[in-house]
Each structure stands twice: as C-alpha cells, then as structure tokens.
Amino acid sequence: MISVGKIKQYSNVLERPLSKGKQEVSLSAFAFLFSELVQYNQTQVDNITELERRLEDAGYAVGARILELLCHREKGNRRETRLLGILSFVHSTVWKVLFGKVADSLEKGTEHEDEYMISEKELLVNRFISIPKDMGAFNCGAFVAGIVRGVLENAGFPAVVTAHFVPVEGQHRPRTTILIKFAEEVLRREATLS
C-alpha cells in the first residue's frame with residue numbers, strides 16, 4: 001500500500017477493501033445485458049424448459065456470490081442456521097440488494113409443509129421482456145429462481161426453486177411467484193433445532 005497524504009493508494013487490486021461502493025446499476029444497462037443473456041441462451045437450446053434451466057443455472061452462480069458478499073458485509077461472516085432466518089434474509093436483504101426493495105410477500109404453502117413462496121407483482125427481469133406467442137409460458141423469473149436457489153443451497157438449505165406466473169384479477173400482467181420446496185433434510189434439521 002502506498003500512502004500519499006490522506007488518500008490511500010493501493011498497488012494491488014487484492015489489497016483494496018471490500019467497501020460497498022456504488023450500489024446501483026443503470027436500469028437500461030441491466031435490461032440490455034439481461035436481454036442479451038436471454039437471446040444468447042435462446043440460440044443454444046431447442047425448447048423452453050432447457051432455456052429456463054440455463055437461465056436458472058446462470059442465476060445460481062449469481063446467488064452463490066451474493067450470499068458470500070452479503071454475509072461478509074452485513075453479517076460479519078455469519079450465516080443463517082434457521083429456516084425462517086434464511087427465508088427472511090432472502091426476502092429482505094438479498095431482494096433489496098438486487099431489486100432496490102423488499103419482495104412483495106413471503107408466504108408458507110398451505111398444501112405442503114416444505115413449500116414457501118416469494119411473490120412479486122412486477123419482477124424486474126420480466127418487466128422489459130416480451131414473450132412471443134410460440135414460446136408459451138416462458139418465464140424469465142427462472143433467473144431469479146436460480147439466484148434464490150444459489151443463496152439457499154450455499155447457505156446449507158438445499159431446495160428446488162421454480163418461477164411461476166400467477167394471474168391476478170384486474171391486472172394485465174400476471175404476478176411472479178418464486179416457489180421454494182425444501183429438501184427433507186432441511187425440515188428434519190429444523191425440527192431438531194426447535
């Protein structure tokens with residue numbers, strides 16, 4: 001590290017502190033990059049299911065990195081060990097870092113004990129995407145589902161995470177719901193901790 005007066009200059013990128021830095025990305029830049037990601041992956045696959053899987057895989061890598069970064073910045077390198085704690089972390093902290101606000105709702109499934117849902121009226125990744133009729137129910141929310149799966153699995157909460165459109169009466173666009181179905185081992189561990 002080289003010091004000149006009060007301003008510190010670092011000779012190596014690795015010596016720089018992990019400060020928060022600028023936290024916002026231009027919405028138009030994100031929309032452009034995300035549409036390019038979708039278009040590129042669309043040329044590499046034959047069906048919608050495979051396209052959604054590839055978007056989810058891309059999101060998984062982002063989720064793993066977000067977890068590391070936020071645990072370091074926000075929690076002093078501590079991670080959540082309880083189910084409701086990690087869901088609250090995803091619903092509030094992760095969502096706020098990614099989308100600038102807390103998710104609209106976090107709900108427990110009524111039919112199954114191992115299901116939770118994060119709902120968003122207008123998910124950012126679906127806002128600027130127009131889906132051709134031949135692609136049917138393609139949902140770019142698969143990318144966000146991948147981010148959520150990346151955060152959960154790397155925190156020790158394996159789950160199957162999927163994105164679904166849910167029609168809302170009186171609205172043109174459907175609501176996006178991220179469905180989280182936890183593995184049996186997570187529920188057993190949670191029962192043991194209770």
Side-chain angles (χ1 to χ4, degrees), residues 34 38 47-68 70-71 74-75 78-127 129 131 135-194:
F34 187 72
V38 172
N47 57 36
I48 295 168
T49 307
E50 184 66 18
L51 177 57
E52 286 181 343
R53 188 197 60 75
R54 288 180 69 118
L55 286 177
E56 185 181 337
D57 289 345
Y60 182 88
V62 172
R65 286 168 176 83
I66 290 247
L67 175 69
E68 290 295 323
L70 292 179
C71 282
E74 309 279 328
K75 297 183 161 281
R78 285 194 228 119
R79 294 200 180 172
E80 292 290 341
T81 57
R82 302 300 302 265
L83 185 64
L84 289 178
I86 194 69
L87 285 170
S88 177
F89 176 70
V90 170
H91 170 261
S92 58
T93 307
V94 171
W95 220 264
K96 197 167 190 172
V97 165
L98 291 174
F99 305 115
K101 67 181 193 79
V102 174
D104 290 340
S105 69
L106 171 64
E107 303 166 12
K108 183 173 181 163
T110 55
E111 295 177 15
H112 301 285
E113 191 72 22
D114 60 349
E115 288 184 350
Y116 290 84
M117 296 167 278
I118 298 176
S119 296
E120 188 71 37
K121 288 179 190 164
E122 192 172 355
L123 195 60
L124 182 66
V125 295
N126 288 330
R127 188 180 300 170
I129 302 289
I131 301 168
M135 293 190 75
F138 170 64
N139 189 344
C140 288
F143 181 73
V144 177
I147 292 173
V148 172
R149 186 172 65 91
V151 169
L152 292 174
E153 284 191 6
N154 285 282
F157 294 86
V160 175
V161 184
T162 53
H164 304 277
F165 284 128
V166 177
V168 177
E169 193 175 312
Q171 287 189 349
H172 174 64
R173 297 198 105 174
R175 172 184 208 96
T176 303
T177 298
I178 307 296
L179 180 65
I180 304 165
K181 185 172 179 65
F182 286 101
E184 187 71 30
E185 65 189 70
V186 173
L187 299 177
R188 279 196 306 268
R189 183 179 66 211
E190 189 65 21
T192 316
L193 290 173
S194 295

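Computed from heavy atoms alone, side chains included, the values below leave out hydrogens, waters and symmetry copies.
For residues 140-171, the ring pair (Phe, Tyr, Trp, His ring centres under 6.0 Å) pairs, not counting sequence neighbours, are Phe34-Phe143. The ring pair (Phe, Tyr, Trp, His ring centres under 6.0 Å) analysis of residues 96-119, with sequence neighbours excluded, yields the pairs Trp95-Phe99, Tyr116-Phe182. Within the structure, side-chain hydrogen bond (donor to acceptor under 3.5 Å, both in side chains) pairs that include any residue of residues 182-194 comprise Arg82-Glu190, Arg82-Ser194 (at least two apart or interchain).
Shown here for Thr93 and Leu70, the closest heavy-atom pair between the two residues is CG2-CD1, 4.1 Å. Residues Val125 and Val144 share a closest heavy-atom pair of CG2-CG2, 3.8 Å. Of all heavy-atom pairs between Ile180 and Val148, the closest is CD1-CG1, 4.0 Å. Residues Gly141 and Leu123 share a closest heavy-atom pair of CA-CD2, 3.8 Å. A pairwise comparison of heavy atoms in Ala163 and Ala145 identifies N-CB, 4.0 Å as the closest pair. Among all heavy-atom pairs drawn from Gly63 and Val151, the shortest one is O-CG2, 3.3 Å.
The distance from atom CZ of Arg175 to atom CD of Glu122, rounded to the nearest 0.5 Å, is 11.5 Å. Atom CZ of residue Arg54 and atom CD of residue Glu50 lie 6.5 Å apart, to the nearest 0.5 angstrom. Atoms OG and CG, on Ser88 and Leu83 in that order, are 11.0 Å from each other to the nearest 0.5 Å. Atom-to-atom distance recorded for Leu152:CG and Leu67:CG is 9.0 Å, nearest 0.5 angstrom. Annotation: the span from Leu98 atom CG to Ile66 atom CD1 amounts to 4.0 Å, rounded to 0.5 Å. Rounding to the nearest 0.5 Å gives a distance of 11.5 Å between NZ of Lys96 and NE2 of His91.
Here Glu107 pairs with Ser105 under the side-chain hydrogen bond (donor to acceptor under 3.5 Å, both in side chains) rule; sequence neighbours left out. Every side-chain hydrogen bond (donor to acceptor under 3.5 Å, both in side chains) that Asn126 has, sequence neighbours left out, goes to Asn139, Thr176. Residues satisfying the side-chain hydrogen bond (donor to acceptor under 3.5 Å, both in side chains) test with Thr177, not counting sequence neighbours, are Ser119.
A salt bridge is absent between Glu68 and Arg65; no separation between the charged side-chain nitrogens and carboxylate oxygens falls under 4.0 Å. Looking at Glu120 and Lys101, a side-chain N of the basic residue comes within less than 4.0 Å of a carboxylate O on the acidic one, giving a salt bridge.
The environment of NZ in Lys181 is crowded: more than 12 heavy-atom neighbours from other residues, nucleotides or ligands sit within 6.0 Å.
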(request) Go through Thr162 and Arg149 one step at a time and tell me if the side chain to side chain contact (heavy atoms under 4.5 Å, CB included) criterion holds. (result) CA-CA 9 Å; Thr162 53; Arg149 186 172 65 91; over 6 Å; no
